[in-house]
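So you know, we letter chains A, B, ... as the sequences are listed, proteins then strands, and number each from 1.
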Protein chains: 2
Amino acid sequence: MPKPGPGLRLIDVAQRAGVSLATASRALSGRDGVSEEVANRVRQVSLEMGYVANPYARTLAGGASSTVGLVVHQVDDPYFSEIAGGVIQLAGEQSLLVQICHSGRDPEQELRQIRSLIAQRVGIIIVAGSGYSDPAVESEARAVLSGYERNGGRLAVIGRHSLSADAVLPDNEAGGRALGEHLIGLGHRHIAVVAGTAALTTVTDRMTGVVAALRAHGLDPEAMPVLHTDFIREGGRVATEAVLRDHPSTTAIIALNDAMAMGVLSSLREHDIAVPARMSVVGFDDVSVAADLAPSLTTVRLPMYEMGRMALDLALKPRAARPRRRRTGHQLIVRDSTGPAPTPH
Amino acid sequence: MPKPGPGLRLIDVAQRAGVSLATASRALSGRDGVSEEVANRVRQVSLEMGYVANPYARTLAGGASSTVGLVVHQVDDPYFSEIAGGVIQLAGEQSLLVQICHSGRDPEQELRQIRSLIAQRVGIIIVAGSGYSDPAVESEARAVLSGYERNGGRLAVIGRHSLSADAVLPDNEAGGRALGEHLIGLGHRHIAVVAGTAALTTVTDRMTGVVAALRAHGLDPEAMPVLHTDFIREGGRVATEAVLRDHPSTTAIIALNDAMAMGVLSSLREHDIAVPARMSVVGFDDVSVAADLAPSLTTVRLPMYEMGRMALDLALKPRAARPRRRRTGHQLIVRDSTGPAPTPH
DNA sequence: TTAGTCTACGCAAGCGCTTTCGGAAGCGCT
DNA sequence: AGCGCTTCCGAAAGCGCTTGCGTAGACTAA
């Protein structure tokens with residue numbers, strides 16, 4: 001393992017500016033107790049010499065850790081990469097560094113990563129990804145994180161209301177309802193839901209919305225096929241096979257995220273089932289490629305990039321007494337993957 | 001800025017194990033000079049107490065910095081998110097942390113980010129993204145990075161041969177040639193290239209391949225329209241407009257990455273130009289959605305995820321005397337966006 | 001036994017910074 | 001002048017760790 005290179009030390013700057021180490025430190029960190037004149041001189045010299053404080057020393061000496069830890073399921077999933085993009089962008093503007101790690105959709109690994117970030121003494125932690133309804137792991141995570149906050153750590157979560165922390169929450173339920181309404185409005189009566197992992201709160205919330213839409217229109221949610229597979233593209237493919245096999249009367253498929261919707265489309269294409277002529281398909285998230293799919297995907301747009309920024313912004317602001325929740329808007333984007341229900345001839 | 005929470009110290013572990021601080025340190029870091037028995041006891045106690053060394057103290061005291069800095073254009077670009085995924089995954093396996101930052105396709109900002117990573121004393125830096133042929137910035141970057149290496153920092157670059165560092169290099173030229181051959185084989189004689197930013201070595205390399213293919217078949221590269229726009233989706237749209245306007249005889253468009261190809265497809269769709277019946281389109285990279293586009297995209301596959309892993313792996317291995325270069329394979333993936341050239345009736 | 005190795009461990013000196021504390025000026029007031 | 005007060009700055013004590021050095025003890029060799 002390489003060592004970090006040597007570098008200019010504060011004492012070098014101090015000597016060059018003709019002041020003591022302590023004064024230089026105060027001048028650069030903006031503490032008062034230094035005359036304007038001296039402070040300016042020190043800042044000037046430091047700039048000229050290209051001095052940058054050693055963050056290890058600074059943090060060790062009780063200073064601030066300026067790195068933010070970001071936990072995502074997987075950064076090469078467009079949903080998370082857009083969130084990460086937002087976080088990194090805002091962090092860059094604030095001269096913060098972002099440490100990113102994968103939870104790999106595994107609650108235990110997520111907990112492990114969080115623990116590791118805490119051990120690394122990062123000052124801010126952002127957890128993205130829905131909560132797991134695994135009570136044991138979830139309550140352990142809650143304990144670890146609240147301990148972290150008690151010690152002065154800052155925390156924000158994205159899309160997870162199961163933690164009592166500052167949170168950015170997309171309105172999954174309303175989004176699910178909008179999708180349901182849209183399809184029902186097009187005359188669909190046999191709707192299947194490709195739901196993904198049952199244990200994710202994101203999934204259950206979106207489901208709740210879909211169910212509410214059915215109820216509101218006098219349809220029986222109990223009769224609706226709900227397929228629980230992986231919350232990724234492949235899960236959509238597997239679920240589609242099941243739908244075609246076991247529920248042939250289905251005329252519309254709701255995938256609870258775009259990744260699965262892509263799997264659904266790909267599977268339908270293989271079966272030569274025309275979308276939307278014979279089958280309507282909707283997704284959720286509106287990842288950036290949704291508009292370029294074949295056919296372009298009707299979906300609910302979530303402002304992922306903005307959500308990333310909001311989460312970091314929330315964590316940066318002084319903490320409030322009670323956890324703050326910022327709800328994001330959502331927007332039904334109708335494209336070419338949905339159409340009127342085919343009339344049974 | 002929050003402070004990192006307090007934590008278990010090594011001295012706590014040492015006392016509990018009945019040894020000195022120094023012995024505990026040696027035991028945990030696997031140094032010899034400690035009896036097997038004592039070492040095991042210390043490790044045992046440390047594990048029980050859940051001790052994790054304070055990385056700031058460790059690094060400050062001359063230990064290893066276990067974080068790797070990753071510079072990408074933008075993490076919410078699929079090409080880079082897949083590379084990042086590979087780096088993060090391997091880093092996770094090795095218990096390394098990844099600090100990620102955006103260069104935003106701007107050489108100056110990239111240099112700034114690299115400087116910042118160096119100032120942060122990260123032990124490993126991975127720079128992804130093609131080089132800029134801006135001689136001033138590039139040579140400054142070279143200087144900064146070689147200084148970093150001289151001080152013991154580890155460096156690996158992805159897709160950039162302009163730096164004399166360990167590098168993972170996709171064979172852009174051969175890939176470009178494969179695309180050219182493919183289209184020529186289909187009978188296309190009027191091929192336009194949507195090239196993206198002219199200053200990127202990635203672009204010039206891929207161009208070189210395309211030109212070579214034309215030459216090999218007796219076609220005149222000089223006659224081929226080459227559009228230089230931004231290396232992103234929008235650039236593809238802009239360039240397509242220009243092609244349609246200024247080069248109406250064009251029957252095939254080579255976009256030098258998939259992002260631009262998506263822009264091309266979207267623009268053609270708006271103009272109701274059938275792909276591939278009236279126009280063939282190819283991309284480069286094979287980002288994961290390429291197969292789901294409308295129509296699915298013929299492209300050259302680069303193993304981005306693997307490239308990320310390789311780069312970190314390279315940086316982790318002891319440095320060789322001369323910079324090592326690992327070439328990655330490439331593979332032409334023929335899909336539905338290419339077909340025979342339309343016969344002028 | 002005595003001298004000469006080793007081995008296994010503890011002491012203590014830093015790494016570069018922040019921060020507490022105390023001292024030296026400079027000020028206005030009596 | 002003398003007093004207290006404020007303002008500005010330097011000395012020095014850590015933060016938690018690694019590591020060079022010294023030493024006690026166990027061993028071998030004469």
Side-chain angles (χ1 to χ4, degrees), chain A residues 1-43 45-46 49-66 118-121 123 151-152, chain B residues 1-43 46 49-67 118-121 123 151-152:
Chain A
M1 200 64 44
K3 308 196 174 197
L8 231 39
R9 290 156 314 158
L10 181 52
I11 185 90
D12 300 325
V13 176
Q15 280 172 357
R16 193 93 121 68
V19 297
S20 78
L21 184 58
T23 301
S25 169
R26 277 186 282 251
L28 291 181
S29 59
R31 289 253 172 316
D32 48 273
V34 186
S35 67
E36 226 10 72
E37 183 203 333
V38 171
N40 280 333
R41 178 154 38 97
V42 173
R43 276 192 282 265
V45 170
S46 136
M49 304 179 70
Y51 169 77
V52 182
N54 180 321
Y56 298 97
R58 183 198 285 267
T59 306
L60 184 56
S65 157
S66 62
I118 294 178
Q120 297 283 332
R121 273 79 171 171
N151 284 327
Chain B
M1 201 63 44
K3 309 196 174 199
L8 231 40
R9 290 156 313 161
L10 180 52
I11 184 90
D12 301 325
V13 175
Q15 280 172 355
R16 193 96 121 67
V19 296
S20 80
L21 185 58
T23 302
S25 170
R26 278 186 276 254
L28 292 181
S29 58
R31 291 253 173 315
D32 50 272
V34 185
S35 68
E36 222 15 70
E37 182 203 334
V38 171
N40 280 334
R41 177 152 41 96
V42 173
R43 276 194 280 265
S46 140
M49 301 178 73
Y51 168 77
V52 182
N54 181 321
Y56 298 96
R58 182 198 287 267
T59 307
L60 185 57
S65 157
S66 62
T67 103
I118 294 177
Q120 297 283 330
R121 273 78 171 172
N151 284 327

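When the side-chain nitrogen and oxygen atoms of B:Tyr51 are compared with OP1 and OP2 of D:dC17, one or more of them lie within a distance under 4.0 Å. Considering only side-chain N and O atoms, B:Thr59 lies nowhere under 4.0 angstrom from the phosphate OP1 or OP2 of C:dC15. For B:Arg58 and D:dG16, the shortest distance from a side-chain N or O to OP1 or OP2 is not below 4.0 Å.
The CZ atom of B:Arg31 sits 8 Å away from the C1' atom of D:dT19 (whole-angstrom rounding). One atom, CD of A:Glu36, and another, C1' of D:dC8, lie 13 Å apart when rounded to the nearest Å. B:Gln15 has its CD atom 12 Å from the P atom of C:dG10, to the nearest Å. Regarding B:Arg121, its CZ atom lies at a distance of 20 Å from the P atom of D:dC17, rounded to whole Å. Atom CG in A:Asp32 sits about 12 Å away from atom P in D:dC9, given to the nearest Å. Between the OH atom of A:Tyr56 and the C1' atom of C:dT18 there is a distance of 18 Å, rounded to whole Å. Computed from coordinates, the B:Asn54 CG to C:dC17 C1' distance equals 13 Å when rounded to whole Å. The distance between atom CD of B:Glu37 and atom P of C:dC9, rounded to the nearest whole Å, is 8 Å.
Contact detail for A:Tyr51 and A:Leu8: the closest heavy-atom pair is CE1-O, 3.5 Å. Closest approach of B:Ala27 and B:Val34 over heavy atoms only: N-CG2, 4.1 Å.
The 12-atom threshold is exceeded at CZ of B:Arg41, counting heavy atoms of other residues, nucleotides or ligands nearer than 6.0 Å.
At a non-hydrogen distance threshold of 4.0 Å, B:Ala22, B:Thr23, B:Arg26 from residues 21-30 of chain B come into contact with DNA chain C.
Taken to the nearest 0.5 Å, the OG1 atom of A:Thr59 stands 8.5 Å off from the CG atom of A:Asn54.
With sequence neighbours excluded, the residues forming a side-chain contact (heavy atoms from CB on, under 4.5 Å) with B:Arg43 are B:Leu28, B:Glu36, B:Ala39, B:Asn40, listed by chain and number. When the side-chain contact (heavy atoms from CB on, under 4.5 Å) test is applied to B:Ala24, the partners found at least two apart in sequence or on another chain are B:Leu10, B:Ala14, B:Val19, B:Val42. Under the side-chain contact (heavy atoms from CB on, under 4.5 Å) criterion, A:Arg9 pairs with A:Ile11, A:Asp12, not counting sequence neighbours.
Nearest to the side-chain atoms of A:Ser20 among the listed nucleotides C:dT19, C:dC17, D:dG10 stands D:dG10. Side-chain proximity of A:Arg9 to the nucleotides C:dC9, C:dC17, C:dC15 is greatest for C:dC17.
Residue pairs meeting the salt bridge (Lys or Arg N to Asp or Glu O under 4.0 Å) criterion with at least one member in residues 18-33 of chain A: none, sequence neighbours excluded.
Side chain of B:Arg121 to main chain of B:Ala119: a donor-acceptor pair is present (N/O by atom type, distance under 3.5 Å, no hydrogens or angles).
Helix bend of the helix from C:dT1-D:dA30 to C:dT30-D:dA1: the angle between its two end axes, each built from five pairs, comes to 50° after rounding to 10°.
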